[in-house]
Amino acid sequence: RTMSKQTAHTCLLPYPALPLQYLRYLPPAYESTDEKFPLVIFLHGSGERGTVLDLVAKHGWPRYVNEGAEYPFILVSPQLPEGCHWCGQINTLNGFLDHLIATLRVDPKRIYITGLSDGGTGVWLWGMNNAGRFAAMIPVCGAGILWGSFEMVRTPVWAFHGDMDGAIHYTESTRMVDQINRCGGNARVTIYPGVGHDSWEQAYTDPALIDWMLAQHL
């Protein structure tokens with residue numbers, strides 16, 4: 001089943017026996033070369049959970065692929081079952097990343113994670129637990145855990161938030177970035193004035209973001 005240039009896949013993971021649906025986008029050069037490509041894993045928000053995979057492409061880079069955008073990286077967007085949250089799926093995500101590395105030509109030095117809202121929180125939590133695997137992290141309007149900041153000092157972070165966000169307060173991003181930097185890390189945050197929870201609209205269309213992300217290597 002093809003949706004624009006994204007294809008639907010299911011990955012059966014040994015733990016916790018969860019069939020994970022996901023959308024996969026391969027860059028235009030993927031089929032014509034044997035080189036390895038950067039990998040971006042996109043974590044959706046709570047409104048896109050369930051079994052209708054098309055929902056995953058409602059926002060962010062998966063949406064723009066469906067609208068015709070082309071990117072120089074592999075983009076993989078898994079879908080959470082109804083009632084689940086990314087912060088409770090760290091083992092699942094680790095197994096999923098192992099699966100992607102085993103089945104795609106992924107450059108292991110250029111693996112990036114991003115997500116919005118519940119997915120932004122998932123980025124903070126996954127990064128806190130496995131920062132050594134990622135070349136950069138881009139949490140959008142998410143919430144992290146301060147005591148995990150030290151785990152991310154070696155991972156470049158660019159967070160985004162709107163200062164009128166009524167769902168997750170923008171200080172959830174600023175305090176994480178401040179704490180990572182206090183620990184000696186490399187984190188930055190963009191706060192959009194007058195913007196509510198949908199700061200992903202600006203974040204994922206910022207032309208500087210992809211350039212910054214792809215410049216980061218392990």
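Heavy-atom basis, side chains included; hydrogens, waters and symmetry copies ignored. We count residues from 1, following the sequence as given.
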Rounded to the nearest 0.5 Å, what's the gap from [atom1] on [X] to [atom2] on [Y]? Could you check?
X: L97; Y: I41; atom1: CG; atom2: CD1; result: 4.5 Å
X: T92; Y: H99; atom1: OG1; atom2: NE2; result: 13.5 Å
X: N181; Y: M152; atom1: CG; atom2: CE; result: 11.5 Å
X: H161; Y: I168; atom1: NE2; atom2: CD1; result: 6.0 Å
X: L104; Y: D107; atom1: CG; atom2: CG; result: 13.0 Å
X: I145; Y: R175; atom1: CD1; atom2: CZ; result: 9.0 Å

Minimum heavy-atom separation for [X] to [Y], with atom names?
X: T171; Y: H169; result: OG1-ND1, 2.8 Å
X: P72; Y: P38; result: O-CD, 3.8 Å
X: Y25; Y: P28; result: OH-CD, 3.5 Å
X: A143; Y: T121; result: N-OG1, 2.9 Å
X: S46; Y: D118; result: N-CB, 3.8 Å
X: D163; Y: G194; result: OD1-N, 2.7 Å

A side-chain contact here means heavy atoms from C-beta on lying under 4.5 Å apart; do [X] and [Y] qualify?
X: I101; Y: I111; value: yes
X: V123; Y: L43; value: yes
X: I90; Y: N130; value: yes
X: P27; Y: E70; value: no
X: E201; Y: R63; value: yes
X: R133; Y: D98; value: yes

Extract all donor-acceptor atom pairs below 3.5 Å that involve side chains of residues 75-84 and protein atoms in other chains or at least two apart in sequence.
{"residue": "Q79", "atom": "OE1", "partner": "Q21", "partner atom": "NE2", "Å": "3.0"}
{"residue": "Q79", "atom": "NE2", "partner": "E48", "partner atom": "O", "Å": "3.0"}
{"residue": "Q79", "atom": "NE2", "partner": "V52", "partner atom": "O", "Å": "2.9"}

I'd like to know whether T155 forms a side-chain contact (heavy atoms from CB on, under 4.5 Å) with I180, so could you lay out the CA-CA distance, the side-chain angles of the two residues, the decisive distance to 0.1 Å, and finally the verdict. CA-CA 10 Å; T155 309; I180 290 169; over 6 Å; no

Hey, quick one: are M164 and I191 part of the same hydrophobic cluster, counting side-chain heavy atoms closer than 4.5 Å, chains of contacts allowed?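 As far as the 4.5 Å side-chain criterion goes, I191 and M164 are not connected within one cluster.
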
Does Y204 belong to the same Ile/Leu/Val/Met/Phe/Trp/Tyr cluster as L55, with side-chain heavy atoms less than 4.5 Å apart forming each link?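 No, separate clusters.
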
Checking side-chain polar atoms at under 3.5 Å, does T190 have a donor or acceptor matched by the opposite partner on W158?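 There is such a pair between these side chains.
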
Pair N66-Q6, side-chain donor/acceptor within less than 3.5 Å: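 Judged by distance alone, the side chains do pair up.
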
Show which side-chain atoms of residues 206-218 pair as donor or acceptor with protein atoms under 3.5 Å away, not counting sequence neighbours.
{"residue": "D206", "atom": "OD1", "partner": "A208", "partner atom": "N", "Å": "2.8"}
{"residue": "Q216", "atom": "NE2", "partner": "W212", "partner atom": "O", "Å": "2.8"}

Under the criterion side-chain contact (heavy atoms from CB on, under 4.5 Å), I'd like the reasoning laid out for Q89 against W126: C-alpha separation, chi angles, the key distance, then a yes or no. CA-CA 9 Å; Q89 301 296 330; W126 194 10; over 6 Å; no

Hydrophobic cluster of V153, others only, ordered by chain and residue number, side-chain cut-off 4.5 Å: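 Taking Ile, Leu, Val, Met, Phe, Trp and Tyr as members, V153 shares its hydrophobic cluster with F150.
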
Report the residues that fulfil salt bridge (charged side-chain N to carboxylate O under 4.0 Å, His left out) with R49, sequence neighbours left out, ordered by chain and then residue number.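 Result, salt bridge (charged side-chain N to carboxylate O under 4.0 Å, His left out) vs R49: none returned.
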
Can you list every pair that meets side-chain hydrogen bond (donor to acceptor under 3.5 Å, both in side chains) and has a residue in residues 27-37, with sequence neighbours left out?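 Residue pairs with at least one partner in residues 27-37: there are none.
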
Pairs in or reaching into residues 171-199: which pass ring pair (Phe, Tyr, Trp, His ring centres under 6.0 Å), with residues at least two apart or in two chains?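 The answer is H197-W200.
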
Quick one: do F42 and L23 satisfy side-chain contact (heavy atoms from CB on, under 4.5 Å)? Show the steps, please. CA-CA 10 Å; F42 171 85; L23 292 178; over 6 Å; no

One pair to check against side-chain contact (heavy atoms from CB on, under 4.5 Å): V189 and Y170. What are the steps and the verdict? CA-CA 10 Å; V189 62; Y170 77 93; over 6 Å; no

For W61 and F73: C-alpha separation, side-chain torsions, deciding distance, then whether ring-ring contact (aromatic ring centres under 6.0 Å, His included) applies. CA-CA 11 Å; W61 289 329; F73 49 79; 5.5 Å; yes

Does R105, at its CZ atom, have more than 12 non-hydrogen atoms belonging to other residues, nucleotides or ligands within less than 6.0 Å?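 For R105, atom CZ is crowded (more than 12 foreign heavy atoms under 6.0 Å).
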
When you measure from the side chain of W86 to the backbone N and O of H44, does any donor-acceptor pair fall under 3.5 Å?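 Between the backbone of H44 and the side chain of W86 there is a qualifying donor-acceptor contact (under 3.5 Å).
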
